[in-house]
Amino acid sequence: MKANYLDELNERQREAVEHIKGPLMIVAGAGSGKTKVLTMRIAHLLRNGVDAFNILSLTFTNKAAREMKERVEKILGGSEARNLYIGTFHSVFARLLRAEAHRLGYPNDFTIYDSDDAKSVLRTIINEQNLDDKHYKPNLVYNRISAAKNSLMGPEEYQVDYGVQQEDMRANRPMVGKLYDMYAKRCFKNGAMDFDDLLYKMYILLKGFPEVLHKYQHKFKYIMIDEYQDTNPAQYEIIKLLGAAHENICVVGDDAQSIYSFRGATIENILQFEKDYDDAKVVKLEQNYRSTKSILNVANEVIGNNKGQIEKNLWTDNSEGEKIKLVRTMTDNEEGKFVAETIAEQRLRNHYANKDFAILYRTNAQSRSFEESLRKKAIPYRIFGGTSFYQRKEIKDFVAYLRITMNTQDEESLKRIINYPVRGIGKTTIEKVVVLANDHNITMWQVLERAREFGFKAGTLEAIENFVVMISSFHAMLGKHNAYDIALQVGKSTNLVKELFNDKTTEGLARYENIQELLNSIKEFTETPTEDGELLEKTLGTYLQQITLLTDADKGSEENSDVVCLMTIHAAKGLEFPVVFTVGLEESLFPSGMSINSREELEEERRLFYVAITRAKARLWLTYANSRYRFGQLVNNESSRFLEEMPEKYIDRSYAGGGSVRNSPGSGLWGNSSAGGGGNMFDKMQKKAPAQAASPRPMPKPAGTAGAASTHVPSPNFTPDDPALMEAGMEVEHQKFGFGTILQMEGAPNNRIANVVFPKGGGEKKIMLNYARLMIVKK
DNA sequence: AGTGTGCCGCTTTTT
DNA sequence: GCGGCACACT
């Protein structure tokens with residue numbers, strides 16, 4: 001360890017690092033060296049005689065945990081760092097629960113259900129109850145249950161809590177409480193916990209078993225919490241319990257970056273800290289080392305529109321830098337094209353590498369147009385987040401075998417693979433098994449094991465017995481073989497791998513590769529030495545527990561590869577990039593249409609915008625499109641209200657539309673760019689008259705659109721007409737294909753299809769009127 | 001019993 | 001515009 005490590009810190013940072021005993025809150029503005037302080041503080045603790053085994057450091061994402069581990073290792077040199085307990089809330093608690101779950105009546109090898117598994121269990125229950133799953137949407141019920149657990153409310157309390165019951169009654173969903181109760185019981189029976197249980201049951205455990213609480217209080221004498229502003233009540237209470245004995249709690253947070261209230265996080269926790277611990281020391285880190293003055297000033301001004309913040313003044317010594325570039329395009333595709341072209345240009349002009357660029361968006365669905373345009377220009381990229389690797393069908397199938405091997409109670413997994421690949425145990429048989437299990441009060445697996453007693457048909461019985469023999473043979477390997485050996489055996493016996501190998505379609509090939517990747521990851525897992533504070537055996541159980549908590553952003557692979565990063569703003573928190581494109585700055589997209597109905601929600605969107613801006617070190621582009629496809633339908637959006645909150649002084653509104661850049665010879669960049677529209681491109685930016693909202697879809701008339709040949713610009717007064725009115729012979733307008741004539745009508749009355757010929761829009765097309773809508777021009 | 005087709009709902013954000 | 005799911009067809 002370097003002797004002078006404290007010299008690298010500024011005064012405030014040093015103050016935070018040197019405060020070892022007692023509660024400490026670090027209010028760390030964006031880019032103020034938070035991670036540095038956290039890692040240095042760990043080093044400093046060790047320097048001062050604290051045993052690494054006694055330090056617990058909790059983060060929200062695996063990425064953050066990994067980064068912290070690596071940086072501590074760099075300071076300390078590997079061996080001592082290994083004894084630290086660093087991880088996400090969920091992974092750390094999962095590990096502790098694996099040691100203690102039996103006290104709560106769960107198997108220690110309990111299965112962890114991800115949200116898809118959980119919703120699937122709920123769907124089953126909702127159907128069993130003969131409730132309409134249109135009304136009791138599994139997603140919605142899941143969210144209610146999740147919110148309840150995150151505020152430490154069990155099924156019993158839920159069903160008698162007046163406020164909660166009122167809410168459910170008002171929403172006309174009186175059965176949610178009952179469903180919660182049944183869901184909890186079903187998970188228990190399956191030997192499974194969902195994500196929220198990892199927190200909720202941890203709390204129950206610590207609260208209900210003083211000797212367990214005492215044990216971990218004694219073990220974790222020093223606790224550090226990153227992103228404290230994102231903790232929910234469950235996490236808050238657990239931290240309080242664990243820290244109560246020593247009160248060596250160090251929390252780091254920034255109220256301006258609180259963006260997870262939808263997951264139950266409450267900003268109150270950070271505001272409350274000083275009240276909870278009256279001897280708490282508070283250190284504010286206000287110097288930003290990351291961004292230019294332009295970027296930081298814009299960020300500060302934007303966030304100033306929020307009320308009730310912890311007072312702080314974020315400043316920087318960095319140069320002023322370039323202005324923030326604001327870009328408007330006609331469509332989402334053109335937005336993608338613009339960003340790809342700008343990346344190519346910036347790479348040359350300023351010698352950036354691919355990995356210096358990030359494209360940040362509000363919703364995962366937006367990634368598509370950027371993927372396409374980057375691929376066209378052969379710019380390597382990687383999408384972080386989105387559908388996780390472990391959520392893919394083929395992976396879930398394979399993992400279901402591993403889960404059932406570990407935990408035969410897990411009926412969710414059992415149902416998934418009992419007839420996959422096909423082995424003659426069909427729907428009727430499964431239903432029969434479910435009924436038998438209920439009647440005899442045993443698990444489905446036990447019914448299968450004793451199938452002979454229950455009078456199945458000979459063929460079916462044979463199929464069942466073969467299945468039971470196979471799974472039992474996997475099960476028998478548990479004590480003697482590591483995860484990889486078992487996985488290989490599963491692959492062989494089930495024919496899963498062979499089946500996918502023989503599938504020569506593109507998707508089949510991709511699936512085969514995914515399975516290979518899964519097997520590789522298991523191999524890697526078994527061969528990598530243990531790195532955490534406790535001896536972690538390389539068993540199937542530990543492996544399964546880990547992967548459910550991983551998202552594909554964590555999928556070990558070449559972390560440092562040179563690629564453009566695409567991710568949601570949420571996923572970008574804690575990261576920084578020299579050049580950032582924040583895209584899709586449109587009303588109802590960002591801020592999200594779901595979040596414009598209350599001040600609280602809107603302020604969270606604004607904090608999200610703040611996070612997006614402050615990811616940028618040197619250059620920042622903000623883009624938005626006039627119209628984009630949503631649900632396969634073209635919609636027009638106004639520019640985001642946030643754009644109007646930025647100080648003019650630091651904004652370059654002419655970048656994409658201005659003449660000088662366009663004329664630059666040889667670049668070929670702007671000539672075919674879609675940004676066309678000339679100087680008046682931003683005319684609607686300045687104000688949004690409230691009156692406009694009432695009139696149907698006002699469209700700014702674009703002048704001289706470059707993309708007009710391929711994209712029809714709808715009439716200003718475009719209003720779709722009722723499909724029932726459409727008749728052959730009418731002249732109509734389509735938002736994308738332009739004007740056309742209906743040749744013929746077909747389809748059922750509630751799903752009418754028009755055969756329309758569009759002279760300028762690509763000839764004859766069948767238009768499903770329920771989706772793509774038409775306006776009648778002439779009858 | 002297994003495979004194929006059509007329909008519905010969906011998009012905030014994540015462990 | 002897609003994927004998951006229900007139903008219908010063989």
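This is a predicted model, so every value here is computed, not measured.
Taking the nucleotide of DNA chain B with the nearest heavy atom to each of A:S595 and A:I425, the more 5' of the two is matched to A:I425.
Distances shorter than 4.0 Å separate none of the side-chain N or O atoms of A:S115 from OP1 or OP2 on B:dT14. Between A:N364 and B:dT11, a side-chain N or O to OP1/OP2 separation shorter than 4.0 Å is absent.
Between A:F590 atom CZ and B:dT13 atom P the separation is 13 Å, expressed in whole Å. In this entry the distance linking CZ of A:R511 with P of C:dG3 reads 10 Å, nearest Å. The separation between A:D117 atom CG and B:dT14 atom P is 18 Å, rounded to whole Å. Rounded to whole Å, the distance from CG on A:L589 to P on B:dC10 is 18 Å. Straight-line distance from the CG atom of A:L198 to the C1' atom of B:dT14: 14 Å, rounded to whole Å. For the pair A:Y420 OH and B:dA1 P, the interatomic distance rounds to 19 Å; values are reported in whole Å. The distance from atom CG of A:D196 to atom P of B:dT14 is 15 Å, rounded to the nearest whole Å. The separation between A:Q366 atom CD and C:dC2 atom P is 17 Å, rounded to whole Å.
Under a 3.5 Å cut-off, the side chain of A:R607 and the backbone N or O of A:S258 do form a donor-acceptor pair.
Under the salt bridge (charged side-chain N to carboxylate O under 4.0 Å, His left out) criterion, the residue pairs touching residues 567-577 of chain A are A:E227-A:K573, A:D230-A:K573, A:R290-A:E576, A:E576-A:K617, with sequence neighbours excluded. A salt bridge (charged side-chain N to carboxylate O under 4.0 Å, His left out) check over residues 417-432 of chain A, counting only residues at least two apart or in different chains, returns nothing.
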N/O to N/O distances under 3.5 Å, protein versus nucleotides 5-8 of chain C:
unit_1	atom_1	unit_2	atom_2	d
C:dC5	OP1	A:R123	NH1	3.4

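Closest to the side chain of A:A571, from the set B:dT11, B:dT14, C:dC2, is B:dT14. Of all nucleotides listed (B:dT13, C:dG4, B:dT15), B:dT13 comes nearest to the side chain of A:H570. Considering only side-chain atoms of A:M594, the nucleotide from B:dT15, B:dT11, B:dG2 that sits closest is B:dT11. Side-chain proximity of A:K137 to B:dT3, B:dC10, B:dT15: nearest is B:dC10. Among B:dT14, B:dC10, B:dT3, the nucleotide with an atom closest to any side-chain atom of A:T568 is B:dT14. Listed candidates were C:dG1, B:dT15, C:dG4. Nearest to the side chain of A:K393 is C:dG4. For A:R263, whose side chain is taken as the heavy atoms from C-beta onward, the closest listed nucleotide among B:dT15, B:dA1, B:dT11 is B:dT15.
Residues satisfying the side chain to side chain contact (heavy atoms under 4.5 Å, CB included) criterion with A:N495, sequence neighbours excluded, are A:K498. Residues satisfying the side chain to side chain contact (heavy atoms under 4.5 Å, CB included) test with A:K393, not counting sequence neighbours, are A:D397, A:R416, A:R511.
Backbone-only engagement by A:N419 is indicated by non-hydrogen atom pairs under 4.0 Å involving sugar-phosphate atoms exclusively. Contacts of A:R368 with the nucleic acid, taken as non-hydrogen atoms under 4.0 Å apart, involve only primed sugar atoms and P, OP1 or OP2. Counting any heavy atom pair closer than 4.0 Å across all strands shown, A:N139 reaches sugar-phosphate atoms only and no base atom. Here A:F60 lies in heavy-atom contact (under 4.0 Å) with sugar-phosphate atoms only.
Salt bridge status for A:K376 with A:E372: absent, with no side-chain N to carboxylate O gap under 4.0 Å. Between A:D117 and A:R403 there is a salt bridge, with a side-chain nitrogen of the basic residue lying less than 4.0 Å from a carboxylate oxygen of the acidic one. Salt-bridge check for A:K149 with A:D194: passed, with a basic side-chain N closer than 4.0 Å to an acidic carboxylate O. Electrostatic pairing of A:R98 and A:D109 counts as a salt bridge here, judged by a charged N lying under 4.0 Å from a carboxylate O.
For B:dT13, the base is not stacked against the aromatic ring of A:Y260, per a cut-off of 5.5 Å between centres and 30° between planes.
With ring centers used as reference points, A:Y260 lies under 6.0 Å from A:H570.
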| field | Watson-Crick and G-U pairing of DNA chain B written in dot-bracket, each distance under 3.5 angstrom, with | for inter-strand partners | value | |||||||||......

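Counting heavy atoms from C-beta on, the side chains of A:F195 and A:N150 never come closer than 4.5 Å.
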